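Computed from a prediction, not measured in an experiment: that's the story for all the values here. Naming: A, B, ... by sequence-line order, numbering from 1 per chain.
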There are 2 protein chains.
Amino acid sequence: MTIYRKKSAQQSTSPSADAPRAAIVHRLKGADRREDILNHASRLFLTYGIAGTSTRMIANAVGISQPSLYAHFATKEALANALSARAFSSLESLIGRIRTADIPAPARLEAMIRGYIGFALDQGAAYRIAFMLEGPMHEVEAFNPDILPGMQAFASFRDEVALLQQEGHLREGSTDHLAQSLWASMHGLCALLLARPDFPWGDVEAMIDFHVEIILAAYQNKA
Amino acid sequence: MTIYRKKSAQQSTSPSADAPRAAIVHRLKGADRREDILNHASRLFLTYGIAGTSTRMIANAVGISQPSLYAHFATKEALANALSARAFSSLESLIGRIRTADIPAPARLEAMIRGYIGFALDQGAAYRIAFMLEGPMHEVEAFNPDILPGMQAFASFRDEVALLQQEGHLREGSTDHLAQSLWASMHGLCALLLARPDFPWGDVEAMIDFHVEIILAAYQNKA
DNA sequence: TACGCCATCCTATCACTGATAGGTTACTAG
DNA sequence: CTAGTAACCTATCAGTGATAGGATGGCGTA
């Protein structure tokens, strides 16, 4: 029995050769260097995926040695989590902006849903890290501060759901169930589009519009 | 600046020591050995995750050398894809069984939805491989036969949606949009539950019931 | 029964990965 | 001017997926 190997892409232009180390290295203060690393890592993760981006690629792009990364992040996973945290802080602020914007209630829900979907598709790498990554299956993770921004973003979303419900724009029932179910419906589309971009989706824009319309009708008050 | 490393779990009982090689090795025919490998890999993937399972762990569990795996699968990814394919064949047959079962139309839709969710949560590892894994972001994958069972399962699902729509049990509109949106709604819940089992979901059973009810109401014909 | 093929399986080794150990350098407070 | 320390380095580790090439045993055929 013989299996033919698919020839590996990226042969001539190896990712590991991405941006040779800068000739002159400037020392940076911890916080600045940390931001520097996150910026380059974000770009690389988006291009090559997380598993496809090595710590050496990141270090080369930044212009420091690979072990120097570990002065700022305990592990590669911690770096990814920090990126996710950064992205979710911006999601939370996005939700906050929509909540405080002067938008009448029904349109506010739609704005929230479309904002969420747009965020997920834009920040694909960070969104994957937060919601689609394979974590330890049986091991209960000790408190991880990098998950917090995601939780806060959800909490903010849940608060808005509670408000809309109180105002009578959303169906009755458990607010937690409502928020989680609504979140799941939004997430489902984002996750599938991100995980299977090669699927014959047809017109993606139209598909999103269709799904949003269904969601709005499903969760709004029938009264 | 000093970062404290989280101490690595699995220290004393390293996963790599999982099941020492069997003393007496029996030669198996290609197809049998292949099934053997898939069975052990499935168990290990579920326990340690895909990235957390090395090819050496799989080989040790099976009782063969690590390079011997490559006589049956070109890459570790190919092995994972084969597992996914096997699982999705069973999903397709599940859908087929529900379709041909003697269930009146509205209950048939609910049976389909609950069957799908149950499958996803049971076959977590395979489901992840098929729908939640990080793939190449910019590279268009050449035809991959292991994706076929997943596509066929979706096609079967879409056919049933078309039928229910023709019978007047589902709302009007593009059948493709309807099937994709419905799939996304189901997937969203499964994906979140699998990716974030540590989230404070509350009563998961009740949450699933709530979501299914919403989906049924959302996609059924309002007439 | 004897032969030879070839699928099965092995050991040895590769390049690369994430991570660690321990020394060097440059900025800065006193 | 002189510590002290944060920033950074080189060298190296064990483990990973994958490859090269040789050993072996069962089976069809002469």
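Checked by atom type, the side-chain pair S93(A)/S90(A) shows no donor-acceptor distance below 3.5 Å. Donor-acceptor pairing under 3.5 Å is lacking for the side chains of S156(B) and E92(B).
Atom CD1 in I58(B) sits about 12 Å away from atom C1' in dT16(D), given to the nearest Å. We find that CD of E77(A) is positioned 13 Å from P of dG18(C), with the value rounded to whole Å. Atom-to-atom, CE of M57(B) to C1' of dG15(D) comes out at 12 Å; the value is rounded to the nearest Å. Computed from coordinates, the R34(A) CZ to dC8(D) P distance equals 14 Å when rounded to whole Å.
Proximity of R33(A) to the phosphate of dA6(D): no side-chain N or O atom is located under 4.0 Å from OP1 or OP2. One finds no side-chain N or O of S68(A) lying less than 4.0 angstrom from the OP1 or OP2 phosphate oxygen of dA7(D). OP1 and OP2 of dC9(C) both lie 4.0 Å or more from every side-chain N or O belonging to S65(B).
From one end of the helix from dT1(C)-dA30(D) to dG30(C)-dC1(D) to the other, with five pairs defining each end axis, the axis direction shifts by 0° (rounded to 10°).
Counting only residues at least two apart or on different chains, the salt bridge (Lys or Arg N to Asp or Glu O under 4.0 Å) pairs with a member in residues 176-194 of chain A are R158(A)-D176(A).
Residue side chain R56(B) does not reach the base of dG15(D) through any donor-acceptor N/O pair under 3.5 Å, judged by distance alone.
With sequence neighbours excluded, no residue forms a salt bridge (charged side-chain N to carboxylate O under 4.0 Å, His left out) with D122(B). Scanning for ring pair (Phe, Tyr, Trp, His ring centres under 6.0 Å) contacts around W201(B) gives F199(B), with sequence neighbours left out. The salt bridge (charged side-chain N to carboxylate O under 4.0 Å, His left out) test applied to D203(A) returns no partner, not counting sequence neighbours. H40(A) pairs by the ring pair (Phe, Tyr, Trp, His ring centres under 6.0 Å) definition with nothing, not counting sequence neighbours.
The listed nucleotides are dG17(D), dC9(C), dT20(C); the one nearest the side chain of Y70(B) is dG17(D). Comparing atom distances between the P67(B) side chain and each of dC8(D), dA12(C), dG18(C) picks out dA12(C) as nearest. Closest approach to the S54(A) side chain among dG18(C), dA11(D), dA20(D) is made by dG18(C) (side chain taken as heavy atoms from C-beta onward). Among the nucleotides dA18(D), dC8(D), dA19(C), the one closest to any side-chain atom of T75(A) is dA19(C).
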